[in-house]
Protein chains: 4
Amino acid sequence: MGHYRGGGHEDTRSKRQHILEAAYEVFSKKGYHRATVDEIIAMADTGKGTVYNYFTSKEQLFYTLIRERSQPFEKAMSQVADSEEQPLVKIELMVRLALGFYRENADLWRVMMHEIRGFGSEGHTAMAPEIKAKYHEGFRRILSRMEKVLDDGIAQGVLRKIDSTRSAYGLFSVIVMMVYQKFVDEDIETTARQVTDIFLYGAARRS
Amino acid sequence: MGHYRGGGHEDTRSKRQHILEAAYEVFSKKGYHRATVDEIIAMADTGKGTVYNYFTSKEQLFYTLIRERSQPFEKAMSQVADSEEQPLVKIELMVRLALGFYRENADLWRVMMHEIRGFGSEGHTAMAPEIKAKYHEGFRRILSRMEKVLDDGIAQGVLRKIDSTRSAYGLFSVIVMMVYQKFVDEDIETTARQVTDIFLYGAARRS
Amino acid sequence: MGHYRGGGHEDTRSKRQHILEAAYEVFSKKGYHRATVDEIIAMADTGKGTVYNYFTSKEQLFYTLIRERSQPFEKAMSQVADSEEQPLVKIELMVRLALGFYRENADLWRVMMHEIRGFGSEGHTAMAPEIKAKYHEGFRRILSRMEKVLDDGIAQGVLRKIDSTRSAYGLFSVIVMMVYQKFVDEDIETTARQVTDIFLYGAARRS
Amino acid sequence: MGHYRGGGHEDTRSKRQHILEAAYEVFSKKGYHRATVDEIIAMADTGKGTVYNYFTSKEQLFYTLIRERSQPFEKAMSQVADSEEQPLVKIELMVRLALGFYRENADLWRVMMHEIRGFGSEGHTAMAPEIKAKYHEGFRRILSRMEKVLDDGIAQGVLRKIDSTRSAYGLFSVIVMMVYQKFVDEDIETTARQVTDIFLYGAARRS
DNA sequence: CATGAATGAGTATTCATTCAT
DNA sequence: GATGAATGAATACTCATTCAT
């Protein structure tokens with residue numbers, strides 16, 4: 001697109017992609033506020049104006065990044081949720097998916113959660129609260145997938161009559177924490193099993 | 001600090017307190033970056049210079065705030081840990097304590113967690129990483145109290161041979177999440193029991 | 001410029017015209033600084049590069065616009081000046097012409113007057129002061145036509161021995177003001193007569 | 001105020017005054033858009049933040065400047081209007097006042113008139129249209145003073161039944177033009193008399 | 001000790017212009 | 001000729017921190 005593109009593969013990913021990738025690095029490392037557009041363009045090896053050709057503001061760049069990153073994850077979660085597996089199996093699969101996703105995007109997600117709470121931005125150029133709401137929704141969509149599975153489990157009698165909403169959030173928080181604490185080694189499955197195990201069967205010894 | 005308080009000038013000592021209280025409000029509401037010293041002094045009804053008489057920087061003010069707020073909590077956790085109660089009882093007590101503490105300080109803690117990750121400061125004016133380390137320590141001290149209790153439980157055979165470190169972190173994360181999601185109503189004990197119940201006995205129906 | 005217009009490509013020449021028309025709209029509405037090339041090309045429905053094929057810069061586009069718009073006016077003023085009419089008649093005719101022209105181009109001229117004063121450009125990309133001088137000249141050419149008529153009137157004894165330069169400028173300024181204040185209704189002649197009347201015979205009652 | 005103030009007189013005029021004076025120079029020379037805050041602070045020999053301590057934005061600085069400069073003039077015009085002089089005398093006095101004021105502030109006023117028209121700003125930080133309206137008002141207040149005097153003259157039979165509104169604007173425009181063209185020498189009274197003379201008695205020779 | 005005027009480093013954003021296609 | 005993606009110089013504004021009183 002525009003510009004001479006040599007024979008190689010390196011430019012296959014567009015300028016926009018380069019920027020998004022650089023933004024990922026910088027936002028993940030620095031958080032939203034300490035990240036500077038200057039650092040992003042330096043890493044993306046592009047000009048400042050280019051960023052503003054593709055994104056209307058730093059904030060919109062940030063949220064675009066989040067959106068593009070979370071879509072595949074959301075899709076995968078939906079597939080598991082809609083699959084024919086048993087609830088208990090679905091739970092473990094979802095835990096595994098979430099561990100994988102968050103391990104990949106831990107820092108960026110931490111930053112997003114912070115911003116979404118309203119701590120970040122707002123004083124700058126705007127970015128309507130309705131846009132923030134959309135990201136809250138994204139988060140809640142994930143959660144409700146999980147909640148639904150728990151409800152199914154309860155209905156089928158394989159789970160106790162727990163509070164499914166809170167339990168879903170709790171399970172989720174554990175996953176995130178495992179990632180934040182870097183408790184998730186190469187082998188995601190082990191951690192997934194551990195988490196699922198305690199969630200399902202508890203820490204107490206069965207008398 | 002802790003100055004002589006003569007009879008006349010009743011506010012000598014409380015200036016510092018006023019600032020801390022205002023800082024609590026502002027940091028909680030705005031997060032670290034969006035909080036401004038101007039807003040803090042407006043709320044504390046004091047001069048700008050005064051802040052810098054008591055605290056060396058915005059950052060040090062923030063961390064002082066955290067420290068002073070967490071001390072009573074740390075002490076209470078220690079007391080429970082060192083008490084003569086049964087491990088399972090201790091667990092529920094600790095959950096209750098933590099729920100209470102975080103409910104009180106939810107926003108400020110969320111902010112702190114974010115900053116401590118390294119998103120804040122670093123390149124700015126000072127506040128060596130070693131100081132951040134101290135706050136990590138504080139966090140870890142709490143965690144290790146809990147871990148110790150879990151280990152005792154395992155040793156006494158009332159808990160399964162779970163990974164006590166990860167379990168402590170997991171339990172902790174659930175507590176924090178409950179608070180963040182405002183799932184904790186007036187009655188802390190109910191939530192505490194719910195959390196403890198699933199942690200100990202699992203969500204699965206015992207066949 | 002003024003290219004061959006074959007039968008097929010009817011738009012070859014008009015591209016330049018489209019741009020000039022769009023520029024007229026945008027400069028008139030926004031002034032020189034707030035006008036953006038982006039807005040002009042959007043309105044002209046052309047590409048950005050095209051503008052720079054026909055004009056060397058935003059500034060040169062602006063001045064070209066001014067020049068092309070003022071030429072017919074200058075010509076008409078010259079015709080009146082060179083005609084065989086009586087000086088007093090010439091004056092009213094010129095007032096009428098000027099009112100018509102400025103009513104048509106009020107905003108653009110206001111913008112030009114501002115820029116020409118030296119408020120615009122200068123430190124920017126080019127457009128030497130000598131070019132500005134040319135536009136001053138254009139303005140002064142109009143004025144000197146009028147001045148000449150006044151001098152003729154004095155010579156013929158139909159005007160008092162007024163300062164013809166200043167009077168021409170004064171008369172001119174009134175015309176412009178009438179337009180700026182939107183005092184010129186559909187019927188230009190009425191205003192022209194009013195202006196000429198006071199200029200010639202004064203506001204005071206003849207005793 | 002703050003800072004050590006040596007023995008001299010030089011600091012008597014506050015920082016705020018220095019900034020206003022520098023702003024006057026820069027806005028007058030460069031116009032609103034090309035004037036930069038950096039240039040203003042350089043000339044005021046102050047820090048950038050200081051400007052924003054006294055003024056909320058570049059725009060508000062500009063309008064404050066206008067307001068403070070025009071107040072004495074408005075007051076003087078009112079005094080003449082309300083005096084006991086004859087209308088014809090008042091007219092000449094007002095012309096003299098206006099010539100003096102505009103000679104002093106010619107460039108700044110030209111810039112203001114341009115901005116007020118809506119050509120400037122707006123895209124930046126805001127400055128509500130209601131504020132612009134206030135400056136329009138200021139302008140119109142002056143004009144209506146003059147208009148009133150003309151109406152009095154008509155009522156007293158010393159002026160013809162001219163359109164007083166348009167005439168006031170016309171008279172005004174001539175004054176401004178004289179200033180812009182630097183036709184006003186040291187001796188304001190001469191120009192004032194010239195202008196008044198033609199306005200009252202016309203350019204035509206009385207037969 | 002308390003104060004707040006002064007400061008300037010740090011940053012997001014705009015927009016005219018270029019040039020490979 | 002026509003196009004528009006890429007560019008970066010230019011600029012208003014924020015806010016933590018200092019220091020003379």
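Quick caveat, the model's predicted, so the values are computed rather than measured. Order of the sequence lines fixes the chain letters, A, B, ..., with proteins taken first and strands second; residue numbering starts at 1 for each chain.
Between Thr46(C) and dT3(F) there is a side-chain N or O to OP1 or OP2 distance below 4.0 Å. A close approach under 4.0 Å does not occur between any side-chain nitrogen or oxygen of Lys48(A) and OP1 or OP2 of dT7(F). Contact annotation: Tyr52(D) reaches the phosphate of dC13(F) (side-chain N/O to OP1 or OP2, under 4.0 Å). For the OP1/OP2 pair of dT11(F) and a distance below 4.0 Å, the side-chain nitrogens and oxygens of Thr36(D) include no atom meeting the criterion. Applying the 4.0 Å criterion to OP1 and OP2 of dA5(F), one finds that Tyr54(A) has every side-chain N and O outside that range.
Residues Glu39(C) and Lys29(C) are in side-chain contact: their nearest non-hydrogen atoms beyond the backbone lie under 4.5 Å apart. The shortest side-chain heavy-atom distance between His114(D) and Met113(C) does not fall under the 4.5 Å cut-off. The closest side-chain heavy-atom distance from Asp45(A) to His18(A) is not below 4.5 Å.
In this structure, NZ of Lys58(A) is placed 15 Å from P of dG10(E), rounded to the nearest angstrom. Taking atom CZ of residue Arg16(D) and atom P of nucleotide dG4(E), one finds them 19 Å apart after rounding to whole Å. Across the protein-nucleic acid pair, Glu59(C) atom CD and dA16(E) atom P stand 12 Å apart, rounded to whole Å. Summarising the geometry, the separation between NE2 on His33(C) and P on dC15(E) is reported as 11 Å, rounded to the nearest angstrom. With rounding to whole Å, Gln60(B) atom CD is found 14 Å from dA16(F) atom C1'. If you measure from atom NZ of Lys30(C) to atom P of dA16(E), you get 11 Å, rounded to the nearest angstrom. What separates CD1 of Ile19(C) from P of dG4(F) is a distance of 12 Å, to the nearest Å.
Closest approach to the Thr50(A) side chain among dT7(F), dT13(E), dA16(F) is made by dT7(F) (side chain taken as heavy atoms from C-beta onward). If you check dA12(F), dT7(E), dT17(E) against the side chain of Val37(D), the one that comes closest is dA12(F).
Side-chain to base pairing of Asn53(D) with dA5(E): no donor and acceptor N or O lie closer than 3.5 Å to each other.
Of the possible donor and acceptor atoms, none in the side chain of Lys15(B) sits under 3.5 Å from a partner among the backbone N and O of Tyr54(B).
With Phe62(D) as the fixed residue, the ring-ring contact (aromatic ring centres under 6.0 Å, His included) test singles out one of Phe55(D), Tyr24(D), Tyr32(D): Tyr32(D). Screening Thr64(D), Thr46(D), Asn53(D) against Arg16(D) for a side-chain contact (heavy atoms from CB on, under 4.5 Å) leaves a single residue, Thr64(D).
With sequence neighbours left out, the ring pair (Phe, Tyr, Trp, His ring centres under 6.0 Å) criterion links Tyr135(D) to Tyr63(D).
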query: Using Watson-Crick and G-U wobble pairs whose two distances are both under 3.5 Å, how do you write the pairing of DNA chain E as dot-bracket, with | for links to another strand?
result: .||||||||||||||||||||

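Ala44(A) comes within contact range of no nucleotide atom at all, as no heavy-atom separation falls under 4.0 Å.
Where Asp38(A) and Val51(D) each meet DNA chain E at their nearest nucleotide, the meeting point lying more 5' is that of Val51(D).
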